[in-house]
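Written out below as structure tokens is the structure these notes cover.
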Amino acid sequence: MGYRRILTEDQIVLLFDPPTDQRGLIRHYTLSAADLALIRRGRGDHHRLGYALMLCYLRHPGRVLRAGEIPDPSLVSFVADQIDVLPDSLVSYLASEQNRRRHSASLLNRLGLRTFGPKAANELSAWLLPHAIENERLLDLAALAMEECRQRGIIVPAPARLERICIEVRHKARRETERRLTDGLSTDQRRGLDALTARRLETSQSWLAWLRQMPESAKPGSMLGLIERLAHVRAIGLAPARGHLVNQARLAQLAREAGRMTVQHIADYERRRRHATLTAITLDLAANLTDHAIDLFERLIGAMFRKAEGKHARDFQADGRAINEKVRLFARIGTALITARAGKGDPFAAIDKVMPWERFCTTVAEAEALARPEEFDPYQKLTEHYAGVRRWAPAFLEAFTFQGVAATTPLMRAIDTLRRINKAGATTLPKSAPTAFIRQRWVRHVLPGNGINRRYYELCVLAELCTRLRAGDVWVTGSRQYRAFEDRLISTETLQTMQGDSGIPLAVETDFERFIAERQTRLNERLAAVEARAKGGLLPDVTIDKGVLKITPIEKSTPPEAEAFAGRLYAMLPRIRITDLLSEVAGWTRFPECFTHLRTGELVDDPRVLIAGLLADGLNLGLTRMAEACSIASLGQLAWAADWHIRDETYALALRRLVDYQNREPLAAIFGSGLTSSSDGQFFRAGGFGRDASQFNAHYGHEPGIKFYTHLSGRYAPFHTKVIAATASEAIHVLDGLLDHHGEVMSRQHRHHTDGGGVSDHVFALCALLGFQFAPRIPDLKDRRLYSFAKATTYPTLGPMIAGRINIDLIRAHWTDILRIATSIRTGTVTASLIMRQLASYPRQNGVAAALRELGRLERTLFTLDWLEDPELRRESSQELNKGESRNSLARAVFIHRLGEIRDRTFENQKHRASGLNLVVTAIILWNTRYLGRAIDALRKVEDVQDAHLTHLSPIGWEHVNLTGDYIWGSQQKSTENPVGLRPLRPVPDTVSRAA
């Protein structure tokens with residue numbers, strides 16, 4: 001059987017060829033004095049240069065210079081300069097095979113190197129096995145093996161042999177993982193696992209397929225379905241601790257692989273592999289079902305309150321006409337009584353003139369029926385939903401184990417009380433039922449004065465539990481998402497170790513006294529400087545009169561001539577189908593290589609099938625319709641590529657490659673410095689099954705939907721996107737994109753912009769700690785108060801805008817906790833959005849949240865002073881946010897099918913839609929950037945091009961791209977007509993004829 005290579009040619013070059021960048025050359029090929037003395041013993045320049053290059057090759061990458069191999073000119077020049085010979089002398093050396101062999105043998109002996117034989121292979125395999133258990137990515141294993149060979153003084157094996165060794169080690173690692181997962185399983189547990197592949201009674205569906213179909217709609221039946229599935233999983237009897245016997249990433253990988261396979265396929269595995277796979281699935285299902293149930297619980301509680309408020313408003317609106325009539329009537333009666341009193345007349349007679357007394361009595365009764373209680377509280381409608389809540393609430397409270405901080409003890413006791421009376425079937429609460437957790441908002445309903453209202457008590461417990469879960473005060477045993485706050489952070493011991501070793505990876509001074517002294521000096525200086533300029537009316541386009549702030553809006557800065565110039569350039573771009581555009585971009589960047597097989601790491605056989613699957617996501621077309629619209633693949637082929645090659649991590653790798661390529665384009669430097677970025681959320685309506693999994697946000701109307709939150713570089717490259725709930729705060733997601741991207745576009749100390757949705761004091765604080773300059777466009781800035789270290793009266797002009805002093809003692813008391821949070825985020829121990837969600841949900845008395853907010857106030861004040869003093873900062877923010885709006889317009893145009901609605905029920909499919917959309921948008925931006933550069937070069941040949949016009953150019957246009965119709969792939973030979981593989985431009989538009 002022929003051997004099929006998995007490592008790509010680019011990967012082999014990366015592993016086995018010497019580096020050619022300046023930093024790599026200096027690091028690996030700087031010759032020592034001893035090296036130079038040894039090299040100079042050779043006779044002739046060509047001998048010395050060849051000997052030096054052979055020495056370099058043996059040290060890194062750790063192999064001999066092969067026969068017929070020509071080293072890279074940059075390496076030859078770097079080495080030749082050190083030994084003072086001409087690079088051209090290498091030609092004579094390469095012509096003699098005898099010299100190459102003699103030098104390699106001599107250096108092997110002198111350096112004490114040994115060739116790669118069976119003994120070395122066994123040593124390397126044994127050393128590599130523990131690493132393969134942790135990470136089985138083939139390229140990573142090969143890189144580790146190469147480095148270990150160099151450390152042991154072994155000549156690295158040939159690429160094919162190295163790959164075979166890594167594949168064999170990966171297979172052994174998988175077997176070891178399977179052994180750890182299955183050792184100690186009882187007979188009953190094994191039977192329970194095997195039963196998952198059996199068919200359910202009276203259905204054509206297996207138990208495993210049923211477990212995987214998690215209900216998504218916010219209905220009582222969905223909650224009961226999740227709890228039923230969770231009970232079935234728990235009945236197998238696998239302890240969660242079993243999952244910690246193997247690396248968590250490997251366990252998740254095994255579960256993902258199984259998720260792509262049919263139940264029949266899993267059932268046909270040999271015994272150990274089958275049980276290990278089913279164990280991974282069961283452990284993963286238990287955590288996923290728990291998280292889904294808690295998430296559904298939050299949605300059900302939110303829906304209950306939303307329906308109660310809606311019913312309250314509708315009832316009042318329905319009675320509005322009758323209420324208005326009664327008010328007008330009683331106004332007439334009141335007027336008659338006032339007139340009677342003034343004239344000392346009979347008040348009853350006055351009423352009779354307006355209406356008969358009997359009618360008056362009837363009207364009073366009608367008014368009493370229309371009148372609402374004094375509180376006018378929507379909570380009065382909550383009990384109308386009590387019957388629906390009772391369908392799922394007892395089962396929900398019984399199914400999960402809740403734990404919490406000390407402050408939640410009364411709530412935990414209340415939950416236990418409800419469990420007891422639910423089991424006993426009691427209809428009344430015991431007098432000892434805890435009430436300390438009840439907030440003032442609920443008191444008049446839960447404790448009306450004659451005991452405890454059972455219905456309101458139960459609803460209050462559920463509402464408070466929901467609030468505490470969001471805040472992180474309560475966590476759930478067996479959950480991944482709703483874990484204890486402390487479990488998410490690095491330990492205090494680890495933080496201390498980092499401080500003592502390499503230091504904490506933050507951008508600020510970690511000693512609090514030095515940190516706060518520097519910040520205090522800086523803030524005092526900035527306040528004094530802005531105070532002086534404000535007092536003299538010297539702030540550009542800013543006035544502060546009696547504490548009232550006014551800022552002149554930024555005017556449009558794009559002249560009509562620049563817009564006309566951009567139109568001419570886009571008229572020169574070739575018209576192209578979206579399929580051909582992606583094929584061209586794939587040829588430039590080879591991004592399809594990022595979409596490796598989930599299990600084997602192999603590439604897809606036909607890249608066009610993969611691109612069709614990506615287009616199905618990006619255009620919101622779906623695989624079924626894409627199979628109908630294209631001629632290169634069936635639905636089965638597209639589904640195979642989507643299941644095994646398209647996933648979150650491969651999307652991220654491909655996006656990073658496109659972004660890096662766009663960033664290297666010469667024209668991209670005109671779009672921005674590369675030191676700025678922005679982020680914004682884009683709302684998409686939900687339709688079909690997607691409505692059940694979506695939420696309402698009044699800001700976007702009365703239709704449910706979700707948001708894609710996207711980060712955009714200053715050069716128009718969308719380098720990160722994620723799906724968030726329509727009701728979610730955008731501020732908590734700002735840092736995720738800045739920290740998650742590791743490509744060339746990102747660097748520390750760059751400036752990030754958001755609109756008002758991204759603003760919070762916690763974001764200001766964490767950005768400062770992590771080394772990012774946060775520069776949002778703060779809405780209603782005139783109403784945002786400043787803070788100082790001194791009294792507000794110190795600054796007479798700014799004083800009315802200063803709300804108070806920075807609480808230094810509070811920050812000092814929680815400084816270690818603040819450092820733990822920031823370091824945990826920086827090291828990837830926890831995502832910023834998750835921690836910020838919990839911090840934002842904490843009650844105000846929580847010390848850590850309050851201290852971080854206090855630090856954020858300090859940083860926000862510093863930024864606001866810069867904003868007032870620097871008109872260029874205000875203009876930059878406006879420009880960067882406008883780039884995001886332009887990108888959103890392109891995304892809306894690309895996401896054209898299914899009426900632009902999200903119709904996917906599962907969060908995973910929604911994420912794929914967002915990632916596919918971002919990938920297609922980025923490909924269009926890269927293609928436009930390259931062709932606009934060619935169009936500018938062509939235009940320069942016939943006329944003068946003003947550089948000032950180029951600064952207003954953007955690569956966001958799409959009129960020349962055909963996004964709809966049949967999705968076919970043309971021949972590459974037909975689409976290109978020049979040696980560089982690019983399409984010909986259209987003729988330069990005639991300015992005079994265009995004007996006419």
List the steps and the verdict of side-chain contact (heavy atoms from CB on, under 4.5 Å) for Thr710 and Asp680.
CA-CA 6 Å; Thr710 304; Asp680 189 23; over 6 Å; no
Go through Arg837 and Glu298 one step at a time and tell me if the salt bridge (charged side-chain N to carboxylate O under 4.0 Å, His left out) criterion holds.
CA-CA 14 Å; Arg837 177 187 175 185; Glu298 292 187 1; 3.1 Å; yes
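Put simply, the side chain of Tyr570 gets close to the backbone of Gly957: a donor and an acceptor are under 3.5 Å apart. Looking at Tyr651, its side chain never comes within 3.5 Å of a backbone N or O of Ala914 through a donor-acceptor pair. Listed for the Arg575 side chain is no donor-acceptor partner under 3.5 Å among the backbone atoms of His960. Counting only distance, with no hydrogens or angles, the side chain of Ser878 and the backbone of Arg875 share no donor-acceptor pair below 3.5 Å. One N or O on the side chain of Asp291 and one on the backbone of Gln481 form a donor-acceptor pair closer than 3.5 Å. Looking only at distances, no side-chain donor or acceptor of Arg260 sits under 3.5 Å from a matching main-chain atom of Trp644. The main-chain N or O of Thr964 is found under 3.5 Å from a side-chain atom of Asn962 such that the two form a donor-acceptor pair. Side-chain N or O atoms of Thr929 include none that pairs as donor or acceptor with a backbone N or O of Ala668 at under 3.5 Å. The backbone N or O of Arg715 lies less than 3.5 Å from a partner atom in the side chain of Gln662, making a donor-acceptor pair. Distance alone, capped at 3.5 Å, is enough to place a donor-acceptor pair between the Arg657 side chain and the Thr589 backbone.
In plain terms, the two heavy atoms of Ala654 and Phe591 that are nearest each other are CB-O, 4.1 Å. In plain terms, the two heavy atoms of His750 and Ser677 that are nearest each other are NE2-OG, 2.9 Å. In terms of heavy-atom proximity, Leu963 sits nearest to His897 at O-NE2, 4.4 Å. Taking all atoms of both residues into account, the shortest heavy-atom contact from Cys594 to Thr650 is O-CG2, 3.3 Å. Of all the heavy atoms in Asn888 and Gly681, the pair that sits closest is ND2-O, 4.4 Å. For the pair Glu602 and His645, the tightest heavy-atom approach, listed with the atom from each and the gap, is O-CE1, 3.3 Å.
In this structure, Ile670 CD1 and His949 NE2 are separated by 13.0 Å, a value rounded to the nearest 0.5 Å. Rounding to the nearest 0.5 Å places OG1 of Thr922 at 5.0 Å from CG of Leu655. From Glu943, atom CD reaches atom CD of Gln946 across 10.0 Å, with rounding to the nearest 0.5 Å. Distance check, rounded to the nearest 0.5 Å: CE of Met626 to CG of Leu615 gives 4.5 Å.
Put simply, the side chain of Thr596 reaches to within 4.5 Å of the side chain of Arg647, judged on heavy atoms. Put simply, the side chain of Glu593 does not reach to within 4.5 Å of the side chain of Gln11, judged on heavy atoms. Residues Ser915 and Asp617 form no side-chain contact, since every pair of their non-hydrogen atoms from C-beta on lies 4.5 Å or further apart. At least one side-chain heavy atom of Arg940 sits less than 4.5 Å from a side-chain heavy atom of Ile936. The closest side-chain heavy-atom distance from Thr754 to Val763 is not below 4.5 Å. Between Phe671 and Asn663, every side-chain heavy-atom pair lies at or beyond the 4.5 Å cut-off. With a 4.5 Å cut-off on side-chain heavy atoms, Asn928 and Ile956 do not count as touching. Annotation: side chain of Arg913 is in contact with side chain of Arg898 (closest heavy-atom distance under 4.5 Å).
For Phe708 and Phe683, the ring centers sit 6.0 Å or farther from each other. If you look at Phe863 and Phe774, their ring centroids are not closer than 6.0 Å.
By the 4.0 Å N-to-carboxylate-O rule, Arg930 lies too far from Glu584 to be salt-bridged with it. Salt-bridge formation is detected for the pair Glu649/Arg256: a Lys NZ or Arg NE/NH1/NH2 atom is positioned less than 4.0 Å from an Asp or Glu carboxylate oxygen. Residues Lys883 and Glu880 are paired through a salt bridge, judged by an N-O separation under 4.0 Å between the basic side chain and the carboxylate.
If you check the side chains of His753 and Thr676, you find no donor sitting under 3.5 Å from an acceptor. Side-chain polar atoms of Ser833 and Asp736 form a donor-acceptor pair below 3.5 angstrom.
Checked against Asn918 for a side-chain hydrogen bond (donor to acceptor under 3.5 Å, both in side chains), the options His711, Lys722, His720, Arg887 give a single hit: Arg887. Tested against Ile825 for a side chain to side chain contact (heavy atoms under 4.5 Å, CB included), the candidates Thr831, Leu834, Leu770 yield a single pass: Leu770.
The cationic atom of Arg664 (NZ for Lys, CZ for Arg) lies less than 6.0 Å from the six-membered ring centre of Tyr661 and within 45° of the ring axis.
Within a 6.0 Å sphere centred on CZ of Arg625, heavy atoms belonging to other residues, nucleotides or ligands number 12 at most.
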